[in-house]
> 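Could you have a look at this structure, given as structure tokens, before my questions?
Read the numbers this way: they start at 1 and go in the same order the structure lists the ligands and their atoms.
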Amino acid sequence: MQVHSMEFKARAGQKLADQRLQQNLKKLSTKFVTARADAIRDIDFDATRAALKERRNRALENLDVWLAKFEENATKRGATVLFAETTADAARLVGEIAQKHGVKKVIKSKSMVTEEMRLNQVLGEMGVQSIETDLGEYILQINDAEPPSHIIAPVIHKDKDEIADLFARVHNKPRLTDIPEMTREAREVLRPEFLSADMGVTGGNFIIAETGSVAVVTNEGNEGMCTIMPRVHVAVTGIEKVLPTLEDLATVMRLLPRSATGQAISNYFSLLTGPRAAGEQDGPEHMYFVLVDGGRSGLIGGEFQEMLRCIRCGACMNHCPVYQKIGGHAYGWVYPGPMGSVLTPSYVGLANAVDLPQAATLCGECNRVCPASIPLSDLLRKLREKQMERGLRPWQERMALQVWGYVARRPDLYAFVTRLGARLMARMGGRGKLISRLPMAGRGWTDTRDMPAPSGRTFRELYKERRAR
Ligand code: SF4
């Protein structure tokens, strides 16, 4: 997927003005947020996520060891393990596998890493047809290869009517508006593709070092069709997704579906180990793993290593007040929301995503819900510091912060300036005690709402007064 993160501000403005999108994004709070809150009541969330953090850290601290162990065990079970340094290398490797086996048609289940790799485009350029089979991804593919806007619900930005129009136009059939009927129609279109494909490509939620297996989680069962029916299966995932043991997987799986969709367990969960062995009824003749670095190893041992614990549940975006208003396309790359605002600058370069660390209110809601205990707001703040150090923010912003830093380090001057500011803002509020237009950079805050004017006295003054009483 091309990087458009430098267009964040312009895109966010367009998304805010899109009333249909605003309506569609309400599903985040009415569906996902509520479902997660209900689902985590069944478990001791804090204790389970502490266990998950410990297990993911154990894997990441010795990533090379666990990847070597995975390679050894997967190879023993007859799979071929390939490592790709860049996402372009990974796409080339998948293309070479297709060529080696004379593949003309690929069926895919949802994988965000393959979005990083632009796999569909690369395969298309090689003359290999690649068909998305996750319903959301399929809808996007037939809509001129539109990119996903959410890592779990790729088509959340669309409503039923838009999809009904799209199906009627592309499938050339009468327009249906009943969701089960629409799903059946998509299934009828996809079924012959499953039957005629030579190769299946899936993501891998996790790979397990002790068994050489890949765990694939879906709600539609399409991953089963992609891995069992074609003669070749390629599982593509990031190198950070390795877990040492099946017990680690069990811990992670207690939180992944609950955090993602509010389910205790997903509808389908496959644990696949090696190609079809002698005497087995199903499974591919050939199985490959393509394990992608794509910038991940650059985070190891650094201040952003914690980000590699991410299990791609999407909870941080579902709960983010910024994502809830603008959706995923505004972020301009594969990963949106708070996790994307950390990952995108880390993978594509801070200079190519300068507005993403700012795309957060730092309210901490993402930290609260993250099942991997990733301190997202701290990481976003660190990225902001780096932007300042490297002069990547506009000069006015840098100067304003320098002035602020100068004042904040001098208590008397600070007291004087805040006193002056509080008095001035109280006056700006007038009789209604509401400020309808803040000057300069504050203008954005009052574009869509009024700001309650402060009382005219500073916190310190009020605190002193209260202690005196
Ligand atoms: S950062 Fe946390 S909440 Fe966000 S997708 Fe990753 S694991 Fe889920």
> Under 4.0 angstrom from ligand 1, any heavy atom of Ser259?
no
> Considering heavy atoms of the protein only, find what lies nearest to atom 5 (S) of ligand 1 and give residue, atom and distance to 0.1 Å.
Gly314 N, 3.2 Å
> If the cut-off is 2.8 Å, does any N/O/S atom of Cys370 fall short of it from atom 8 (Fe) of ligand 1?
no
> Parallel, tilted or perpendicular: which fits the ring planes of Tyr347 and Tyr335, with parallel below 30° and perpendicular above 60°?
perpendicular
> Any salt bridge between Glu303 and Lys386, counting N to O under 4.0 Å?
yes
> Quick one: look up the protein heavy atom nearest atom 8 (Fe) of ligand 1 and list residue, atom name and how far away it is.
Cys313 SG, 2.3 Å
> Measure the distances from the heavy atoms of Ile311 to every atom of ligand 1 and state whether one is below 4.0 angstrom.
yes
> Within the stated cut-off of 2.8 Å, is an N/O/S atom of Cys316 closer than that to atom 2 (Fe) of ligand 1?
no
> Please determine if Lys110 and Glu137 form a salt bridge, counting it only when a charged side-chain N lies under 4.0 Å from a carboxylate O.
no
> For Arg92, is there an ion pair with Glu96 - N to carboxylate O distance below 4.0 angstrom?
yes
> Under a 4.0 Å threshold between the charged nitrogen and the carboxylate oxygen, would Glu365 count as salt-bridged to Arg368?
yes
> For atom 1 (S) of ligand 1, which of Arg309, Arg368, Met339, Arg56 has the closest heavy atom?
Met339
> For Cys310, take its heavy atoms, then give the atoms of ligand 1 lying under 4.0 Å from any of them.
1 (S), 5 (S), 6 (Fe), 7 (S)
> Sort out for me which residue in Gln263, Arg258, His319 forms a side-chain contact (heavy atoms from CB on, under 4.5 Å) with Arg36.
His319
